[in-house]
Amino acid sequence: MDALNQTRVTQFVFLGLTDNWVLQILFFMAFSVMYVLTLLGNILIMVTIVFTPRLHTPMYFFLSNLSFIDICHSSVTVPKMLEGLLLERKTISFDHCIAQLFFLHLFACAEIFLLTIMAYDRYVAICAPLLYPSVMDMRVCVQLVFALWLGGTVHSLVQTFLTIRLPYCGPNIIDSYFCDVPPVIKLACTDTYLTGMLIVSNSGTISLFCFLALVTSYTVILVSLRKQSAEGRRKALSTCSAHFLVVALFFGPCIFLYTHPDTNFSSDKVVSVFYTLVTPVLNPLIYTLRNEEVKNAMKHLRQRQVFSMKSCT
């Protein structure tokens with residue numbers, strides 16, 4: 001044990017996305033634009049919801065929380081990735097690596113729980129509209145959001161504990177562009193099969209259970225739509241299709257990454273870019289392009305801003 005402590009790894013080195021300098025510059029420019037769009041798009045949604053009273057409903061309360069989580073989730077990995085694209089040697093300290101790992105799982109798990117809650121919200125709104133005001137009042141919504149953050153924290157603490165309890169005394173090369181559990185525990189100086197199975201069972205079970213709950217909710221919703229009017233079906237399908245698209249974009253990569261212990265890290269890097277960078281930038285587009293209420297609220301806010309500027313001049 002003393003020997004292990006004396007040679008404990010103090011930093012990790014990322015291999016990054018590619019060794020090609022031209023591709024690194026192209027990736028830096030493309031990913032920088034996407035990250036800025038992620039920040040602007042999600043902030044715009046939050047501001048629109050906060051300053052539009054008619055959007056102060058459970059559905060938009062959850063949507064504003066989704067935008068907040070997307071900003072946080074993306075910000076855990078993307079800035080470090082952009083920095084690495086400009087540096088020849090991409091390093092991160094052991095403590096910062098563990099912190100990145102913790103917050104990555106915190107925000108990812110929080111988003112999984114939130115998407116499940118949003119599906120339940122749509123289920124109650126469409127299948128039991130008379131009960132909706134009492135079942136999904138703002139007090140319940142706040143409690144659900146508190147519960148999802150609590151659940152995400154517990155999940156992330158478990159993942160982090162399973163990772164830091166292992167000895168790291170030798171190799172420090174991570175075949176990725178950020179710290180995540182599978183590539184980090186691979187560097188431990190001990191057999192990690194059991195730990196890997198525990199981690200996969202933890203993350204995989206949460207992803208699969210929530211995904212099955214989502215599929216069940218939307219199946220029931222689709223069946224119940226046969227009793228709705230044509231206008232009711234159109235509005236419900238517009239809202240649910242946008243939400244289900246977001247679910248598919250997020251859950252697909254999560255299930256791929258965390259339901260198998262033996263991973264091909266080259267393909268995992270591509271999938272990781274998709275769910276840490278592409279999905280957060282697509283979510284605002286999906287919800288604004290397919291939601292007339294949000295688009296109208298944004299237009300109204302812009303008109304109010306222009307009017308205020310004219311009044312000041």
Side-chain angles (χ1 to χ4, degrees), residues 30-79 82 103-104 106-122 125 132-133 136-149 152 235 238-247 249-250 275-313:
F31 294 160
S32 295
V33 171
M34 294 176 68
Y35 182 57
V36 171
L37 290 176
T38 296
L39 298 179
L40 294 178
N42 284 291
I43 289 173
L44 179 60
I45 285 181
M46 289 190 293
V47 170
T48 300
I49 292 173
V50 168
F51 288 99
T52 306
R54 70 173 181 274
L55 297 183
H56 292 176
T57 63
M59 184 177 77
Y60 294 110
F61 173 71
F62 293 136
L63 179 56
S64 63
N65 277 273
L66 178 63
S67 292
F68 174 74
I69 292 175
D70 276 338
I71 290 174
C72 295
H73 188 206
S74 182
S75 297
V76 170
T77 57
V78 176
L82 294 176
F103 285 109
L104 174 72
L106 169 62
F107 296 127
C109 190
E111 183 156 348
I112 287 175
F113 288 148
L114 179 59
L115 290 172
T116 307
I117 291 171
M118 291 173 73
Y120 174 72
D121 172 70
R122 290 300 85 203
Y132 185 74
M136 296 298 293
D137 60 21
M138 288 308 297
R139 181 180 61 85
V140 172
C141 293
V142 172
Q143 290 173 345
L144 288 172
V145 169
F146 175 79
L148 74 86
W149 282 111
K235 187 174 181 180
S238 177
T239 302
C240 291
S241 60
H243 184 59
F244 193 76
L245 181 57
V246 170
V247 167
L249 289 173
F250 188 80
Y275 100 99
T276 60
L277 183 62
V278 177
T279 300
V281 77
L282 288 179
N283 285 354
L285 293 176
I286 292 170
Y287 279 109
T288 54
L289 291 177
R290 299 187 62 87
N291 192 309
E292 290 297 328
E293 281 187 302
V294 175
K295 286 193 290 186
N296 291 335
M298 287 180 177
K299 291 178 183 177
H300 183 64
L301 281 180
R302 187 167 63 248
Q303 291 170 355
R304 281 170 52 187
Q305 183 182 22
V306 171
F307 181 76
S308 299
M309 291 176 63
K310 289 182 177 179
S311 298
C312 292
T313 55

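Along the sequence shown, the residues carry numbers beginning at 1. This one's a predicted model, so the numbers in the text were calculated from it and none came from an experiment.
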Chemist: First locate atom CG of Leu63, then atom OG1 of Thr57, and finally report the distance between them rounded to the nearest 0.5 Å.
Modeler: 9.5 Å

Chemist: Below 4.5 Å, heavy atoms only, C-beta onward: do Leu44 and Thr48 meet side chain to side chain?
Modeler: yes

Chemist: If only atom types and distance count, is the side chain of Asn42 paired as donor or acceptor with the main-chain N or O of Pro280 below 3.5 Å?
Modeler: yes

Chemist: Working to the nearest 0.5 angstrom, can you tell me the gap between Leu114 CG and Ile112 CD1?
Modeler: 11.0 Å

Chemist: Could you tell me if the side chain of Leu39 sits less than 4.5 Å from the side chain of Ser75, heavy atoms only?
Modeler: yes

Chemist: Atom OH of residue position Tyr132 - does it have more than 12 heavy atoms of other residues, nucleotides or ligands inside 6.0 Å?
Modeler: yes

Chemist: So which atom in Ser74 and which in Tyr35 form the shortest heavy-atom distance, rounded to 0.1 Å?
Modeler: OG-CD1, 3.5 Å

Chemist: How about Phe107 and Asp70: do any of their side-chain heavy atoms sit closer than 4.5 Å?
Modeler: no

Chemist: Could you tell me which non-hydrogen atom of Glu293 sits nearest to which non-hydrogen atom of Arg54, and how far apart they are?
Modeler: O-NH2, 4.2 Å

Chemist: Less than 4.5 Å apart, any side-chain heavy atom of Phe61 and any of Ile49?
Modeler: no

Chemist: How close do Ser67 and Met46 get, counting heavy atoms only, and between which atoms?
Modeler: CB-CG, 3.7 Å

Chemist: Heavy atoms only: give me the nearest Ala297-Leu55 pair and the separation to one decimal.
Modeler: CB-CD1, 3.7 Å

Chemist: I'd like to check Phe62 versus Val145 (side-chain heavy atoms, cut-off strictly below 4.5 Å). Are they in contact?
Modeler: yes

Chemist: With rounding to the nearest 0.5 Å, note down the distance linking CG in Leu37 to CG in Leu277.
Modeler: 10.0 Å

Chemist: Roughly how far, to the nearest 0.5 Å, is the CG atom of Asn65 from the CG atom of Leu148?
Modeler: 7.0 Å

Chemist: Can you check side-chain contact (heavy atoms from CB on, under 4.5 Å) on Leu66 and Leu115, steps first, answer last?
Modeler: CA-CA 8 Å; Leu66 178 63; Leu115 290 172; 4.3 Å; yes

Chemist: Could you go step by step and tell me if Phe250 and Asn283 meet the side-chain contact (heavy atoms from CB on, under 4.5 Å) rule?
Modeler: CA-CA 10 Å; Phe250 188 80; Asn283 285 354; over 6 Å; no

Chemist: Determine whether Leu82 and Ser32 make a side-chain contact, defined as any pair of heavy atoms from C-beta on separated by less than 4.5 Å.
Modeler: yes

Chemist: If I take atom OG1 from residue Thr276 and atom CG from residue Leu104, how far apart are they, to the nearest 0.5 angstrom?
Modeler: 8.0 Å

Chemist: Check whether any side-chain N or O of Thr38 sits under 3.5 Å from a backbone N or O of Met34 as a donor-acceptor pair, and report yes or no.
Modeler: yes

Chemist: To the nearest 0.5 Å, what is the distance between NE2 on His56 and CE on Met138?
Modeler: 8.5 Å

Chemist: Check whether any side-chain heavy atom of Thr279 lies under 4.5 Å from a side-chain heavy atom of His73, and answer yes or no.
Modeler: no

Chemist: Is any side-chain heavy atom of Trp149 closer than 4.5 Å to a side-chain heavy atom of Ile69?
Modeler: yes

